[in-house]
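See structure below.
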Amino acid sequence: MATLNKSRQKSPVPTATRLLLIRHGEVEAGYHKKFGGWIDMNLSPNGKRQGKVLANYLRGKTIDAIYASPMKRVQQTLAPTLKISGQKQTIFEGLREIDFGKWSGLGWEAVQKKFGFAVHEWLHQIHHHGVPNGENSEVFRARVEPCLRQIIENHPGQNVAIFCHGGVIRMMLAILLELPLPKTNQFEIEYASITQVALHPHMAEVELLNFTPWRDLAA
């Protein structure tokens, strides 16, 4: 039987590493439309329901590893998934939400009145000016990026879920897609949403953006 010339054999196509970037569920009512940041609030009853729907959706997916922020709203969102899957999580302190400093706990209108910018400009402010007594874009990236790089290095060709925060997901997208942080304001990152990015040797590809099982799969 003839054999193929080794020089003509094709190398196997590398399997993409897939990151499922998952935001925590809805927070307790007192923090709606406020800059929460490092305030360690709980989920609302609706947020806990979102976490259960999310867990039921993820049970049908192959997930090789789970990483998470230590903050309560993330841990409460993740708990149903861990219960169903029996998997363990790895907690990275660097996956905490951005420190909003003097904005923390303030509503959108209060921040606009006190600091003089519209709420939709918050990423621009962080990127160009930073937050009084909080983090700027450079400091924020300096703690998120090592977490992201380590996860990617640890799991080549695997599917990894990262349970974290809206600001952290935006920073990860900025890093992976090579965008300035303010550009990510064009993406909606809803409570308990999944954004999936496939990492190929030549590019990062967004395969899913802001998918919300609790809303998009509602009967």
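Note that the coordinates shown come from a computational prediction; the quantities given were computed from them, not determined experimentally. Values below: all heavy atoms of this structure, side chains included; hydrogens, waters and symmetry mates excluded.
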Requested in this report: Could you note down all residue pairs passing side chain to side chain donor-acceptor pair (under 3.5 Å) where residues 94-108 supplies at least one of them, sequence neighbours left out?
Outcome: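 As it turns out, the side chain to side chain donor-acceptor pair (under 3.5 Å) pairs with a partner in residues 94-108, which skip direct neighbours, are Glu93-Arg96.
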Hey, is the main chain of [Y] close enough, under 3.5 Å, to the side chain of [X] for a donor-acceptor pair?
X: Asp40; Y: Met71; result: no
X: Trp214; Y: Tyr191; result: yes
X: Arg23; Y: Ala192; result: no
X: Asn159; Y: Thr62; result: yes
X: Thr195; Y: Asn210; result: yes
X: Thr77; Y: Arg73; result: yes

Non-hydrogen atoms of [X] and [Y] that approach each other most closely:
X: Ile84; Y: Ala55; answer: CD1-CB, 3.8 Å
X: Ala204; Y: Leu177; answer: O-CD2, 3.9 Å
X: Gly94; Y: Arg143; answer: O-NH1, 2.9 Å

Query raised in the report: Among all residues two or more places apart in sequence or in another chain, which pass the side chain to side chain contact (heavy atoms under 4.5 Å, CB included) test with Gln76?
Result: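 Once residues adjacent in sequence are excluded, the partners of Gln76 under the side chain to side chain contact (heavy atoms under 4.5 Å, CB included) criterion are Asn42, Leu43, Lys48, Lys72.
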Query - Test side chain to side chain contact (heavy atoms under 4.5 Å, CB included) applied to Pro213 - qualifying residues, sequence neighbours left out - result: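 Result, side chain to side chain contact (heavy atoms under 4.5 Å, CB included) vs Pro213: Val53, Leu54, Tyr57, Ile194, Phe211, Leu217.
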Rounded to the nearest 0.5 Å, what's the gap from [atom1] on [X] to [atom2] on [Y]? Could you check?
X: Leu199; Y: Thr15; atom1: CG; atom2: OG1; answer: 12.5 Å
X: Gln50; Y: Lys52; atom1: CD; atom2: NZ; answer: 12.5 Å
X: Thr17; Y: Gln158; atom1: OG1; atom2: CD; answer: 8.0 Å
X: Leu209; Y: Ile189; atom1: CG; atom2: CD1; answer: 5.5 Å
X: His124; Y: Ser137; atom1: NE2; atom2: OG; answer: 11.5 Å
X: Ile98; Y: Glu135; atom1: CD1; atom2: CD; answer: 5.5 Å

Query raised in the report: Does CD belonging to Glu138 count more than 12 external heavy atoms closer than 6.0 Å?
Result: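 No, not enclosed.
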Query raised in the report: Mind checking whether Arg141 and Ile175 have side chains closer than 4.5 Å, heavy atoms only?
Result: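 Of all side-chain heavy-atom pairs linking Ile175 with Arg141, at least one is under 4.5 Å.
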Report task. Output, in order, the C-alpha distance, side-chain angles, deciding distance and verdict of side-chain contact (heavy atoms from CB on, under 4.5 Å) for Val131 and Gln125. Result -> CA-CA 7 Å; Val131 183; Gln125 289 292 317; over 6 Å; no
Using distance only, find each side-chain donor-acceptor pair of residues 162-174 under 3.5 Å and give its atom names and separation, not counting sequence neighbours.
from   : atom 1 : to     : atom 2 : distance (Å)
His165 : NE2    : Ser69  : OG     : 2.9
Arg170 : NH1    : Thr184 : O      : 2.4
Arg170 : NH1    : Phe187 : O      : 2.8
Arg170 : NH2    : Phe187 : O      : 3.0

Report task. Take Ile63 and Gln87, measure what side-chain contact (heavy atoms from CB on, under 4.5 Å) needs, and give me the verdict at the end. Result -> CA-CA 9 Å; Ile63 298 177; Gln87 289 177 280; 4.3 Å; yes
Query raised in the report: Under 4.0 Å between a Lys/Arg side-chain N and an Asp/Glu carboxylate O for Arg149 and Glu153?
Result: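 Here Arg149 does not pair with Glu153 in a salt bridge, since their nearest N and O are not under 4.0 Å apart.
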Requested in this report: Taking atom types as modelled, find out whether Ser44 and Glu26 have a side-chain donor-acceptor pair closer than 3.5 angstrom.
Outcome: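 Side-chain D/A pair, Ser44 to Glu26: present.
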Query raised in the report: Can you name the salt bridge (charged side-chain N to carboxylate O under 4.0 Å, His left out) partners of Glu121, sequence neighbours left out?
Result: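 Counting only residues at least two positions away or on another chain, Glu121 forms no salt bridge (charged side-chain N to carboxylate O under 4.0 Å, His left out).
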Query raised in the report: What residue pairs, at least two apart or across chains, pass ring pair (Phe, Tyr, Trp, His ring centres under 6.0 Å) with a residue in residues 65-98?
Result: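 The answer is Tyr67-Phe92, Tyr67-His155.
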